[in-house]
J.: 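For reference, the structure I am asking about is given below.
Chain naming here is simple, since letters A, B, ... match the order of the sequence lines and numbering starts at 1 in each.
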2 protein chains.
Amino acid sequence: MGMSSSIDVPAKQEFKRHAGFMLAQLGRAVTRRYRSAMAPIGLNPRETAALVQLRDAGAVGQQALGATLDIDASNLVALLNDLEVEGLLSRRRDPEDRRRHVVEITSAGTALVDEVMRTAAQVEDQFFSSLDEDERTTLRDLLCRVAQSTDDPSTTEVTGADC
Amino acid sequence: MGMSSSIDVPAKQEFKRHAGFMLAQLGRAVTRRYRSAMAPIGLNPRETAALVQLRDAGAVGQQALGATLDIDASNLVALLNDLEVEGLLSRRRDPEDRRRHVVEITSAGTALVDEVMRTAAQVEDQFFSSLDEDERTTLRDLLCRVAQSTDDPSTTEVTGADC
DNA sequence: TATTGTTATACTCTATAACTATA
DNA sequence: TATAGTTATAGAGTATAACAATA
C-alpha cells in the first residue's frame with residue numbers, strides 16, 4: 001500500500017559502519033595523528049599516555065599503570081626505562097612492599113606534559129571537528145561507559161562513577 | 001553566594017577521559033577481542049575486515065581496498081596473497097587498465113564471511129553491552145561522522161551522505 | 001604459593017623507499 | 001611523468017613464557 005517510488009532495500013548495514021569496526025579504524029587513525037603531532041616533542045603515543053597518566057594519578061606501581069594504559073607490565077619496563085633515563089619520571093622501591101616499584105613523574109616530566117596537553121588538544125580538536133560541543137560530550141560519555149564496562153564488568157551496574 | 005556544601009573543583013577532565021585517548025584504547029581493545037574471536041575461524045582482524053569489505057563492495061582494485069581498510073597498498077599485498085592461496089578471494093588483471101588487479105571474493109570466501117558476521121555480532125554485542133539500542137545507534141552515527149570527515153575533509157559540508 | 005617487576009622472544013602491524021609494468 | 005601493484009626492511013606494538021625477589 002502507498003506509492004512505492006523505490007524498492008524497499010533491507011538497509012544493508014555494511015561492516016564498515018559497525019561501531020566495532022569504526023572504533024578500531026578511528027583508534028588507529030587518531031593514534032597516527034598523536035604520533036606525528038608528538039614527534040617534535042620526542043614522545044611516542046604510549047610514552048605520551050604514560051607521562052600524562054602519571055601526572056593525573058600521582059605515584060603508582062607499574063601493575064596499576066599498565067592496567068590503566070592497557071600496556072602489559074612486561075612491555076612497560078622498557079618504556080619506563082627510556083622515560084627514566086630522560087629524567088621525566090623516577091622509580092623507587094616501595095618500603096612497605098619491596099616488590100613494588102613506585103613510579104612518579106618529575107618536574108621535568110610535568111613541564112613536558114603541559115606542552116603535550118596543548119598538542120593533544122589541537123589533535124583532538126581537528127580530529128573531532130565534524131562534531132559540535134554537545135556531540136563531543138555525548139561521544140565522550142558513551143565511550144567512557146564502554147571503557148568502564150570493559151575495564152571491569154562488575155562496575156556496569158554500580159554508580160555513574162567516572163563518566 | 002549560595003550554599004557551598006562542597007568545594008568547587010575545576011572538573012579536572014583527565015586525559016584518560018579524552019575522546020581521543022579513549023578512542024585509541026577502545027580501538028585496541030575491540031581489535032583484541034576480534035582477534036581472539038576470529039582465531040578459530042583462521043582469520044586475523046585485517047583479513048577479516050578485508051574479506052567482509054570485499055563481500056560488501058564487490059570487485060575492487062587494491063588501492064581502493066587499502067584506502068577503505070586503512071591499510072597501505074604495500075602491506076595489503078601479502079595479506080591478499082594469503083587469502084588468495086586459501087581460495088577465499090581471486091585476483092585478475094583489469095583488461096581496461098592492465099596495471100590494476102581486480103580483487104573479488106569467492107564463494108568460499110562468502111561462505112566464511114557468514115560465519116565471520118555472526119562472530120562479529122557476538123563480539124560487538126558484548127563489547128557495547130553497557131549501551132542500549134538507542135545509545136549504540138547514537139555512537140555509530142557519531143563515529144561515522146568522524147570517520148567521514150577524516151576520510152575526506154572536503155566531504156564534511158556536503159550531504160549527510162553515508163551516516 | 002602468589003605477586004611485582006624483569007628479560008627474552010616471536011609475532012603482528014605500520015611506515016618508507018625503491019622497483020616493475022603499465023598508462 | 002604518473003599510477004597500480006610489488007618487494008624489502010626497519011620500527012613500533014602485542015602476546016607469552018620464564019625467572020628473581022619478595023610477600
Side-chain angles (χ1 to χ4, degrees), chain A residues 21 24-39 42-50 59-85 89-104, chain B residues 21 23-39 42-50 54 59-85 89-104:
Chain A
F21 178 77
Q25 296 279 78
L26 292 173
R28 286 187 294 132
V30 77
T31 297
R32 194 181 303 131
R33 299 193 183 199
Y34 281 137
R35 182 185 308 286
S36 62
M38 299 300 171
L43 297 174
N44 65 31
R46 298 195 304 171
E47 291 168 340
T48 301
V60 290
Q62 296 185 193
Q63 295 288 339
L65 183 59
T68 303
L69 301 177
D70 192 27
I71 299 175
D72 191 274
S74 68
N75 297 320
L76 197 58
V77 176
L79 194 154
L80 294 181
N81 287 346
D82 290 346
L83 295 175
E84 191 177 25
V85 167
L89 58 81
S90 69
R91 275 191 281 198
R92 64 175 190 278
R93 282 199 178 276
D94 180 356
E96 307 276 314
D97 180 347
R98 290 186 40 77
R99 292 173 305 182
R100 299 183 72 228
H101 286 187
V102 177
V103 187
E104 196 165 15
Chain B
F21 178 78
L23 214 49
Q25 295 279 78
L26 292 174
R28 287 187 292 134
V30 76
T31 297
R32 192 181 305 130
R33 297 191 184 203
Y34 280 138
R35 183 185 307 285
S36 61
M38 299 300 172
L43 297 174
N44 65 31
R46 297 195 304 172
E47 292 168 339
T48 301
L54 285 173
V60 291
Q62 296 185 191
Q63 294 287 340
L65 183 59
T68 303
L69 301 177
D70 191 28
I71 299 176
D72 190 275
S74 69
N75 296 320
L76 197 58
V77 177
L79 194 154
L80 295 181
N81 287 346
D82 291 346
L83 294 176
E84 190 177 27
V85 166
L89 58 80
S90 69
R91 277 191 279 197
R92 63 174 190 279
R93 281 199 180 275
D94 180 354
E96 307 276 313
D97 180 346
R98 291 184 41 75
R99 292 173 305 182
R100 299 183 71 227
H101 285 187
V102 176
V103 187
E104 195 165 14

J.: For Leu54(B) and Leu83(B): C-alpha separation, side-chain torsions, deciding distance, then whether side-chain contact (heavy atoms from CB on, under 4.5 Å) applies.
T.: CA-CA 12 Å; Leu54(B) 285 173; Leu83(B) 294 176; 5.8 Å; no
J.: Indicate, yes or no, whether a donor-acceptor pair under 3.5 Å links the base of dA15(D) to the side chain of Asn75(A).
T.: yes
J.: Grab the CD-C1' distance between Glu96(B) and dT3(D) for me, whole Å please.
T.: 17 Å
J.: How many Å lie between NE2 on His101(B) and P on dT3(D), as a whole number?
T.: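 Those two atoms, NE2 and P, are 18 Å apart.
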J.: In Å, rounded to the nearest 0.5 Å, how long is the span from CG of Leu43(A) to CG of Asp82(A)?
T.: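 Spacing of CG (Leu43(A)) from CG (Asp82(A)) equals 10.5 Å.
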J.: Reckon Arg32(A) has a side-chain N or O less than 4.0 Å from the OP1 or OP2 of dA15(C)?
T.: yes
J.: Show your reasoning for whether side-chain contact (heavy atoms from CB on, under 4.5 Å) applies to Asp70(A) and Arg32(B).
T.: CA-CA 11 Å; Asp70(A) 192 27; Arg32(B) 192 181 305 130; 2.5 Å; yes
J.: Kindly state which residues belonging to residues 59-71 of chain B come within less than 4.0 angstrom of DNA chain C, counting heavy atoms of the residue only, listed by number.
T.: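 Result for residues 59-71 of chain B: none.
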J.: Are any of Arg46(B)'s side-chain N or O atoms less than 4.0 Å away from OP1 or OP2 of dC13(C)?
T.: yes
J.: Is a donor on one side and an acceptor on the other found under 3.5 Å between the side chain of Gln63(B) and the backbone of Arg100(B)?
T.: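 Not a single qualifying donor-acceptor pair exists.
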J.: Whole-Å distance between dG5(D) C1' and Leu76(B) CG?
T.: 10 Å
J.: Using whole Å, what does the distance between atom C1' of nucleotide dT4(C) and atom CZ of Arg92(A) come to?
T.: 16 Å
J.: Hey, which of these two, Arg91(A) or Asn44(B), hits DNA chain C nearer its 5' end, going by closest nucleotide?
T.: Arg91(A)
J.: Looking at side-chain heavy atoms only, is the closest gap between Gln25(A) and Arg28(A) below 4.5 Å?
T.: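 Yes, side chains in contact.
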J.: Please give, in whole Å, the distance from dT14(C) C1' to Gln25(A) CD?
T.: 14 Å
J.: Could you tell me the separation between the CZ atom of Arg91(B) and the CG atom of Asn81(B), rounded to the nearest 0.5 Å?
T.: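 Rounded to the nearest 0.5 Å, the CZ-CG separation comes out at 4.5 Å.
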J.: Tabulate atom names and distances for all N/O pairs under 3.5 angstrom spanning the protein and nucleotides 17-22 of chain D.
T.:
residue	atom	partner	partner atom	Å
dT22(D)	OP1	Arg98(A)	NH2	3.3

J.: Any side-chain N or O of Arg28(B) below 4.0 angstrom from OP1/OP2 of dG13(D)?
T.: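 For dG13(D), OP1/OP2 do not have a side-chain N/O of Arg28(B) under 4.0 Å.
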J.: Nearest whole Å is fine: how far is dA21(C) P from Asp94(B) CG?
T.: 19 Å
J.: Figure out the CZ/C1' separation between Arg35(B) and dG13(D), and round it to whole Å.
T.: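 Going from CZ in Arg35(B) over to C1' in dG13(D) covers 11 Å.
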J.: In whole Å, what is the span from the CG atom of Leu79(B) to the P atom of dT6(D)?
T.: 12 Å
J.: Given the rule in the side-chain contact (heavy atoms from CB on, under 4.5 Å) test, do Met38(A) and Asn44(A) qualify, once you have shown the distances and angles that lead to the verdict?
T.: CA-CA 6 Å; Met38(A) 299 300 171; Asn44(A) 65 31; over 6 Å; no
J.: For a 4.5 angstrom cut-off between non-hydrogen side-chain atoms, does Thr68(B) reach Val60(B)?
T.: no
J.: With respect to Val102(A), which candidate in Glu96(A), Arg93(A), Gln62(A), Arg92(A) satisfies the side chain to side chain contact (heavy atoms under 4.5 Å, CB included) definition?
T.: Arg92(A)
